[in-house]
Amino acid sequence: MAKFDDLSNLLKKFVEDGLPGCGCAVAKDGKILYEGYFGYADLEEKKPITEDSVFRIFSMTKVVICTAALILFERGKFLLHEPIYEYLPEYKDTTVFVTDSEGKVHVEKAKNPMLIKHAFTMAVGLPYHFGDSPTAREMRRVKEELKAKYGKYDIVTEARAMGSVPVAFEPGTRWLYGYGHDILAALIQVISGKTVGEFLYDEIFGPLGMDSTGYRFHGDIKERMVSCYKKNENGTWEKVSGFLDEYHQPDAIYEAGGAGLYSTVRDYLKFSQMLANGGCYNGHRIISRKTIDLMRTNQLNEQQLKDFNFNNPYLAGYGYGLGVRTLMNPAEGNSNSSVGEFGWTGALGTYVSIDPSEGFSVVYMHQTIPNMEVYHHLRVRAVAYGCLR
């Protein structure tokens, strides 16, 4: 069987093979079993990655946001089958882009309302705005108009405006990665009466002692941020600005649901251990065990599963729950983790695996473009789970 020395050796090899730096931690039943940091947070300054290094977690924000929204769900603040328009009226008259037999695109009224569950499961039909579909182009236009009108604006303002955009398909019928969790962030703010950041701090970050996790720079967070590197065609690394860093500035007000948080390996490990151990960590109850079970239950139908993991070795064997991948078939996934193991990843190379059946979780982070997730994350998963006795 594997030993944690094997995990250290793997991470060292990542760096020896050219990765600027990385960090990883593994815990079980509330206790840290392994923590290792290798390489540099900044190559030019020769600043090492340590337990205090702060990473942009991008889409691992989604797991936090979905957990926060489910806290409101289990308090009876909304139901999953309710239409989004009951809370954001702008989604009352959803329209859909439809392509006819001649390839011409037109807009029709949606047959069914967009539900809150659809926002959790990426079934709303709203991608991200940087694509080239008719819906993405319309979303880009909306963002440009909001910026021209307001300069800075919050997630509720944006989500309300997106209600006018024709979606890519009939809500609930397909799976499309994109804007759903940003709608959830807006719902959190509307329902709770707090900003997204305030709600996350009060309900999750504060109780768990996640002092180095948030949207805004404060204290020495900016100085502790790991630099972002882009790999050039000749194999060299070029330092680049961290995209979305504008929203970390103290005067920013935009707090998205799909990306935007920063964290440390150790902070996110606390969050992952809370979810791995039935919603409780270090004596603080955050969410119920049964709600976590619902979160990690596959929610997709056959067509949506094809949209989600079709020919993708990274997601092979997984379904999609309420905002998280969830392992359905270890054989198809070539995975030594458990059925029901769940988590997500981030655009710059962050990764979390949460296994309630073992009280076990793994957090790994680096900051590169491309994120090389298949090579790095699946090896980390194999070795970390290989250490379980």
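Please read all numbers here as calculations on a predicted model, not as lab measurements.
- Side chains of T264 and S212: a donor-acceptor N/O pair is absent below 3.5 angstrom, by distance only.
- Side-chain atoms of Y351 and E373 include no donor-acceptor pair closer than 3.5 Å.
- Ring planes of Y177 and Y128: perpendicular class, angle over 60° (limits at 30 and 60°).
- In this model, no donor atom of one side chain and acceptor atom of the other lie less than 3.5 Å apart for Q299 and T121.
- Evaluated for a side-chain contact (heavy atoms from CB on, under 4.5 Å) with C24, the options V265, V362, V363 yield exactly one hit, V362.
- Evaluation of the side chain to side chain donor-acceptor pair (under 3.5 Å) rule for K239 yields D42 as partners, not counting sequence neighbours.
- Side-chain N or O atoms of R285 include one that pairs as donor or acceptor with a backbone N or O of I287 at under 3.5 Å.
- When only modelled atom types and interatomic distance are considered, D154 and T157 share a side-chain donor-acceptor pair under 3.5 Å.
- Remark: R325 is positioned above the aromatic ring of Y318, its terminal NZ or CZ atom under 6.0 angstrom from the ring centre and at most 45 degrees off the axis.
- Between Y215 and F205, a ring centre-to-centre spacing not shorter than 6.0 Å is recorded.
- A donor-acceptor pair under 3.5 Å is formed between the side chain of R137 and the backbone N or O of D132.
- K194 pairs by the salt bridge (charged side-chain N to carboxylate O under 4.0 Å, His left out) definition with D202, not counting sequence neighbours.
- A donor-acceptor contact under 3.5 angstrom links the side chains of D355 and S338, judged on distance only.
- Residues K13 and R379 fail the side-chain proximity criterion, which asks for heavy atoms closer than 4.5 Å.
- Heavy-atom contacts from other residues, nucleotides or ligands closer than 6.0 Å to NZ of K47 number more than 12.
- Residues M210 and I204 are in side-chain contact: their nearest non-hydrogen atoms beyond the backbone lie under 4.5 Å apart.
- A cation-pi geometry, defined here as NZ or CZ lying under 6.0 Å from the six-membered ring centre and within 45° of its normal, does not hold between K12 and F38.
- Ring centroid separation for the pair W344 and Y320 comes in under the 6.0 Å cut-off.
- Side chain to side chain, T135 and S133 fail the donor-acceptor criterion of an N or O pair below 3.5 Å.
- Using a 3.5 Å distance cut-off with no hydrogens or angles, the side chains of Y364 and H377 do not pair a donor with an acceptor.
- Ring geometry for F58 against F243 counts as tilted: the plane angle lies between 30° and 60°, on a 0 to 90° scale.
- Neither side chain, E158 nor Y150, offers a donor N or O lying under 3.5 Å from an acceptor on the other.
- Both the sub-6.0 Å distance and the 45° axial angle are satisfied by K46 relative to the ring of Y40.
- Donor-acceptor pairing under 3.5 Å is lacking for the side chains of E358 and Y385.
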